[in-house]
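Notes to accompany the following structure.
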Protein chains: 2
Amino acid sequence: MVAHRHPAFATPRVFAPVITPFTKDLRIDAPRFVAFCRWLVGQGAGLALFGTNSEANSLGLTERHALLDDVIKAGVDPAHLLPGTGSCALPDAIALTRHACEAGCAGALMLPPFFYKGVSDDGLFAYYSDVIQAIGSDQLRVLLYHIPQFTGVPITHTLIERLITAYPRTVVGIKDSSGDWANTEAMLRKFPGFAVFPASEALLGKALPLGAAGCISATANIQPQAIASLLNATTLEERAVWEGKVATVRLAVQAQPMIPALKHIVAHFANDESWTRVRPPLTPMNPAQSGALLQQLQALDFSMPAMATLATVAA
Amino acid sequence: MVAHRHPAFATPRVFAPVITPFTKDLRIDAPRFVAFCRWLVGQGAGLALFGTNSEANSLGLTERHALLDDVIKAGVDPAHLLPGTGSCALPDAIALTRHACEAGCAGALMLPPFFYKGVSDDGLFAYYSDVIQAIGSDQLRVLLYHIPQFTGVPITHTLIERLITAYPRTVVGIKDSSGDWANTEAMLRKFPGFAVFPASEALLGKALPLGAAGCISATANIQPQAIASLLNATTLEERAVWEGKVATVRLAVQAQPMIPALKHIVAHFANDESWTRVRPPLTPMNPAQSGALLQQLQALDFSMPAMATLATVAA
């Protein structure tokens with residue numbers, strides 16, 4: 001079935017699932033977060049705030065609410081924002097999604113409720129449907145979030161088809177974090193127009209010709225410009241060069257626990273140790289791990305440009 | 001290692017993971033909930049509010065907060081209460097656990113954070129430790145909640161040992177919902193004094209002689225008095241009779257989706273259809289399913305006594 005390609009997702013884009021800095025007592029460090037968001041936008045990335053790599057589910061409802069406000073108040077155009085708003089609890093999902101919609105965000109990226117396992121498509125349809133109807137706005141754009149390795153609750157093609165049929169102007173896309181190319185490919189072929197974001201930039205070479213909407217990718221936190229260049233490449237040769245550059249960095253980071261690794265890299269280039277903090281149940285990298293990772297990146301001539309602005313803003 | 005058996009859990013008890021009624025628009029129906037809580041206490045059960053069978057993770061933070069207050073305001077002795085207070089987000093877990101502690105509850109039953117998988121014992125220790133230290137009260141009693149089939153995050157014996165060692169007066173027990181008797185037995189033998197609640201009353205025959213603290217069991221919502229009688233049996237013969245009675249009901253209910261089934265049974269005996277509602281992603285039973293279940297229970301001469309009081313209070 002042909003879905004409606006929403007203009008907000010007409011041109012392939014890269015979104016960073018923005019990592020979240022914490023203060024010493026593990027509160028959200030809003031000034032550092034906002035500064036980093038501005039840096040990412042300056043580097044050509046959209047902001048998938050409150051994603052898996054943002055430790056979103058380790059943040060409280062009111063924390064997420066306030067932080068989105070902080071980012072917008074700081075002058076970031078809401079058209080760049082794709083906040084995660086799914087939650088196990090329907091009222092929380094409604095509150096977060098409504099807030100994203102009213103703030104004028106490009107869309108809301110919605111996890112399914114992920115505590116119960118083996119739930120039916122009927123139950124998941126009811127969940128998404130209840131959120132959409134509670135908000136009742138033609139400005140709402142929902143993107144589904146398929147990440148079964150964490151949720152244990154897959155978004156099936158049957159569910160997608162039911163949601164697109166019922167809400168063609170609202171349910172406009174999906175992030176497929178399964179890493180299962182067969183699934184991404186099948187969705188791209190089955191639902192032309194639907195904004196499909198594959199698991200990482202590694203799949204763009206195959207996904208873009210089939211109409212992928214870009215990517216929402218962990219390493220967009222540290223190499224947004226390179227991924228944007230990959231997306232904007234006008235020749236196959238140019239694309240291949242960027243793919244190679246981007247891949248070597250991705251492979252180095254992927255070999256480590258992803259979130260602590262991203263935070264260590266940002267801490268290093270921002271010269272700001274506080275970025276290394278994570279909330280339990282995650283744990284920071286040990287110095288041996290992080291030292292080895294940074295050496296590896298140095299050997300690749302990797303750097304994050306213009307990070308000095310972060311220190312200024314966050315000071 | 002010998003753990004401290006807290007007086008609150010000295011005598012084996014049955015706790016019901018109280019099912020949660022909803023209004024037509026899926027808000028929490030506090031009056032019905034409170035009436036049912038009073039009925040359960042009258043039947044000899046403690047109240048494990050906000051458990052898996054309570055759809056706790058489908059309830060918002062403020063909803064859980066307010067509902068605990070409602071129960072206590074209605075005159076239920078907090079010594080009967082063992083609310084679930086775990087959450088993926090540390091600040092939410094702290095807020096809920098502090099509230100339970102300040103309200104004088106018997107304990108707080110804490111899920112691990114359950115979004116991320118493959119997390120380390122170090123990370124889980126930090127999570128529980130941060131909650132305990134943030135509250136900083138010698139009135140706090142934490143029971144761990146091991147339900148890996150839903151969380152994907154097991155509570156290992158190494159973690160238990162670390163927590164008991166660090167917080168011997170605070171980390172006082174565990175609910176083992178894995179259904180893996182080998183695990184329950186190992187904990188009972190390894191940690192004498194630790195208040196171990198096996199997955200269901202079906203395991204009490206084996207668990208009580210090893211020092212189990214009782215059970216927190218789904219069907220305690222519908223047969224609290226029978227399970228209490230099982231716990232209080234003074235002879236093996238008496239216990240065997242109650243075990244048989246309780247098991248036939250459990251087997252009938254277990255064959256169905258548990259939460260919708262429990263709600264249908266309560267709806268039937270309270271003569272109050274509104275009890276059948278569930279929040280997405282759960283779905284209600286269809287009439288054929290629920291009809292068959294009720295017939296099966298009728299054939300067992302099953303009934304819930306004194307449920308008329310519910311209708312009165314909730315009217």
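Predicted, not measured: the structure shown is a model, and the values here were computed from it. The sequence lines fix the lettering, A, B, ..., with proteins before strands; numbering per chain opens at 1.
- Nearest heavy atoms, B:Cys88 versus A:Phe114: SG-CE1, 3.9 Å.
- Taking both residues in full, the closest heavy atoms of A:Ser58 and B:Pro91 are given as O-CD, 3.8 Å, listed atom of the first, atom of the second, then distance.
- Ranking B:Ala56, B:Pro257, B:Pro280 against chain A, the residue ahead of the rest is B:Pro280, based on heavy-atom pairs under 4.5 Å.
- In this structure, chain A has no heavy atom under 4.5 Å from any part of B:Ala93.
- Contact annotation: the side chain of B:Tyr116 approaches that of A:Glu55 to within less than 4.5 Å [non-hydrogen atoms, C-beta and beyond].
- Of the atoms belonging to B:Asp92, it is side-chain heavy atoms, and not backbone ones, that fall under 4.5 Å from chain A.
- Contact of B:Leu90 with chain A is made through backbone and side chain together, with heavy-atom distances under 4.5 Å.
- Smallest separation of non-hydrogen atoms from A:Lys117 and B:Lys117: NZ-NZ, 4.5 Å.
- Of all the listed residues (A:Leu124, A:Thr52, A:Asp130, A:Thr283), the one sharing the greatest number of non-hydrogen pairs under 4.5 Å with chain B is A:Thr52.
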